[in-house]
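Labels below follow one simple rule: chain letters A, B, ... track the order of the sequence lines, proteins then strands, and each chain is numbered from 1.
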Amino acid sequence: MLQTRKIRENKAEYIKLLKVKNFDANNIFNLLIDLDDQRKEAQIKCDELLSKSNNLSSQIGKLYKTGDTNKVASLKKESIIIKDESKIFLNKQNKLEREIKDLLVQIPNIPHPSVPVGKSDLDNLVVKQKAEAPALYDGAKPHWDLTERYGLIDFGLGNKITGSGFPVYTNKGAKLQRALISYFLDKNINAGYLEYLPPLLVNEASGFGTGSLPDKEGQMYHVNEDNLYLIPTAEVPVTNFFRDIIVNEFPVKCTAYTPCFRREAGSYGKDVRGLNRLHQFDKVEIVQIERPENSYDILNEMVEHVSSILDELELPYRILKLCGGDLSFTSALTFDFEVYSAGQKKWLEVSSVSNFEDYQSNRLKLRYKDSNGKNQLCHTLNGSALALPRIYAALIENNQTPDSIIIPKALQAYTGFDIIK
RNA sequence: GGUGAGGUGGCCGAGUGGCUUAAGGCGCACGCUUGGAAAGCGUGUAAACGGGAAACUGUUUCGGGGGUUCGAAUCCCUUCCUCACCGCCA
């Protein structure tokens, strides 16, 4: 959520930048500022009346002691009138505040000036490509064939007990998954991130804090009886640790492994085959909270960190700077990581590293004290390091031989085996 | 799930309708003191939204929401949470 004050200060610039996100802010900004003017006016009036009424009350208190009951009665009458009048302005103020908030949640975050113009994912900018597609033997398979042949994942079994999009990992397939989780967590811990193992269900306030609610209500599983939501990413619980907090020590670097749950309503077809899109999947997330002046350095640091993991796994990948049309509602700048999965001959998104600037912090009321002792909003950043299923798919597709799958060196200490036959 | 006790500032904790402008303590910051430190003494120390060039100042906030009252941390209703014991249970 943007701040009205900043919209007032940077109106023209924001309108220009939001055009990159294909969002026409002109009318909504004007409306917003107008409502905010009205709000201030109502507040001034309301405060004035309440001040008078507070004054009368304390006078009444003193008069009771002197026993001047006539005077008390007349002051009471006066006070009731003032109080009634103040309620009119208070209601007006509350109504305007609600209207302003309703508008604010409709406005996406301001994109960073470097965000390229574009309509869709086709316009994303490739900023780095480290992709020697492996030379596979003739007749190399996509992962859904490999997982079946080597008994790594039983999609049918998941289908039976839950539904499609809920795979069951078995034997070495399960061990490989567990190895990847441990490996990612260790990489993150070694880079200075503090590990958390958070709850997988969050309350409504947390959903709102990270902007999952109300925007993506339909994408989250909801436990009706207790009014809790299954997390779509660890970003939700972890970022909400810092809700209503004034941070005074930086850096704040968190990592967490969690399963993630997404309804993915409306997805179908080839894109959802095998591990490509699931309702439940594992992900290791990194989250950082920083002061505004450092946040873009931190974003680069996070991009470097994710790159180093993919380097070590020897996976071909590329980094995309998302264009305005593909950038998420809440993000100011996002780098996507895609690995090349040679069995499918496809790029698969495995990580998305974003700077949200103060867009989330404003909802979260996440602040720090600046050098003048004033409270300012922090910047929040997060990224996947990494999302498991597509890494898994690319790993087994890229490392297949006609009769085996080779485990990359970096993982062998975690799997305890170097080949799957 | 049942019964009971609670929820007050960064933390502890007093506070049963107006002497609360939330006591007192701890912590923190600054100053005095010191060769330096500790102790001691003094001063300051919440947030949000407003007004004001500034000094300063108004309103709101004692878990959340609603109510009674001229006036609520205090009384009433409601809801959430915590703790204790009981029940159930990995």
Closest heavy-atom pair, A:Cys46 versus A:Ser86, reported as atoms and distance to 0.1 Å, is SG-O, 3.9 Å
Which heavy atom of A:Arg263 sits nearest to which heavy atom of A:His279, and what is that distance? O-CE1, 2.6 Å
Specify the separation, in whole Å, of atom [atom1] of [X] and atom [atom2] of [N].
| X | N | atom1 | atom2 | answer |
| --- | --- | --- | --- | --- |
| A:Glu85 | B:rU59 | CD | P | 16 Å |
| A:Asn203 | B:rU79 | CG | C1' | 14 Å |
| A:Lys52 | B:rU57 | NZ | C1' | 17 Å |
| A:Leu90 | B:rG58 | CG | P | 19 Å |
| A:Glu249 | B:rC28 | CD | C1' | 13 Å |
| A:Asp244 | B:rU61 | CG | P | 17 Å |
| A:Phe89 | B:rU60 | CZ | C1' | 18 Å |
| A:Leu50 | B:rG71 | CG | C1' | 13 Å |

Nucleotide forming a Watson-Crick or wobble pair with [N], both distances under 3.5 Å:
| N | result |
| --- | --- |
| B:rC89 | none |
| B:rC83 | B:rG4 |
| B:rC41 | B:rG31 |
| B:rC26 | B:rG10 |
| B:rG17 | none |
| B:rA55 | none |

Using the [atom1] atoms only, state how far [M] lies from [N], rounded to an integer number of Å.
| N | M | atom1 | answer |
| --- | --- | --- | --- |
| B:rG66 | B:rA14 | P | 29 Å |
| B:rA39 | B:rA48 | C1' | 40 Å |
| B:rC86 | B:rU79 | P | 27 Å |
| B:rA5 | B:rU78 | P | 16 Å |
| B:rG67 | B:rC12 | P | 31 Å |
| B:rG52 | B:rC28 | C1' | 31 Å |
| B:rU33 | B:rG40 | C1' | 8 Å |
| B:rC62 | B:rG10 | C1' | 16 Å |

Side-chain contact, heavy-atom cut-off 4.5 Å: A:Ile298 with A:Phe250? no
Mind listing the N/O atom pairs, protein and nucleotides 46-56 of chain B, below 3.5 Å?
unit_1	atom_1	unit_2	atom_2	d
B:rA47	OP1	A:Lys369	NZ	3.1
B:rA47	OP1	A:Asn375	ND2	3.4
B:rA47	O3'	A:Arg367	NH1	3.1
B:rC49	O3'	A:Arg39	NH2	2.8
B:rC49	O2'	A:Arg39	NH2	2.8
B:rC49	O2'	A:Gln43	OE1	2.5
B:rC49	O2'	A:Gln43	NE2	3.4
B:rC49	O2	A:Gln43	NE2	2.7
B:rG50	OP1	A:Arg39	NH2	3.2
B:rG50	O5'	A:Arg39	NH2	3.0
B:rG50	O4'	A:Gln43	NE2	3.4

When you check the phosphate oxygens OP1 and OP2 of [N], does a side-chain N or O of [X] lie under 4.0 Å from one of them?
| X | N | value |
| --- | --- | --- |
| A:Lys83 | B:rU69 | no |
| A:Ser51 | B:rU59 | yes |
| A:Asn54 | B:rG58 | no |

Per nearest nucleotide of RNA chain B, the residue lying toward the 5' end, A:Lys62 or A:Lys77, is A:Lys62
Go nucleotide by nucleotide along RNA chain B from the 5' end; which of A:Lys76 and A:Gln59 gets its closest nucleotide reached first? A:Gln59
For A:Ser79, report the nucleic acid contact type (base, sugar-phosphate, nothing); a contact means any heavy atom under 4.0 Å. sugar-phosphate
Give the ring-plane orientation class for A:Tyr221 versus A:Phe166, where under 30° counts as parallel, over 60° as perpendicular and anything between as tilted. tilted
Should the ring pair A:Phe329 and A:Tyr359 be called parallel, tilted or perpendicular, given that the plane angle runs from 0 to 90° and is split at 30 and 60? perpendicular
Are the charged groups of A:Asp37 and A:Lys40 less than 4.0 angstrom apart, N to O? no
Residue pairs meeting side chain to side chain donor-acceptor pair (under 3.5 Å), one or both in residues 283-297 of chain A, sequence neighbours left out, come to A:Tyr193-A:Gln288, A:Thr233-A:Lys283, A:Lys283-A:Glu285, A:Gln288-A:Glu301, A:Glu290-A:Asn294, A:Ser295-A:Asn355, A:Ser295-A:His379, A:Tyr296-A:Glu357
Sorted by chain and number, sequence neighbours left out, ring pair (Phe, Tyr, Trp, His ring centres under 6.0 Å) with A:Tyr169 holds for A:Tyr392
Tell me whether A:Asn91 contacts the main-chain N or O of A:Lys87 through its side chain, where contact means a donor paired with an acceptor under 3.5 Å. yes
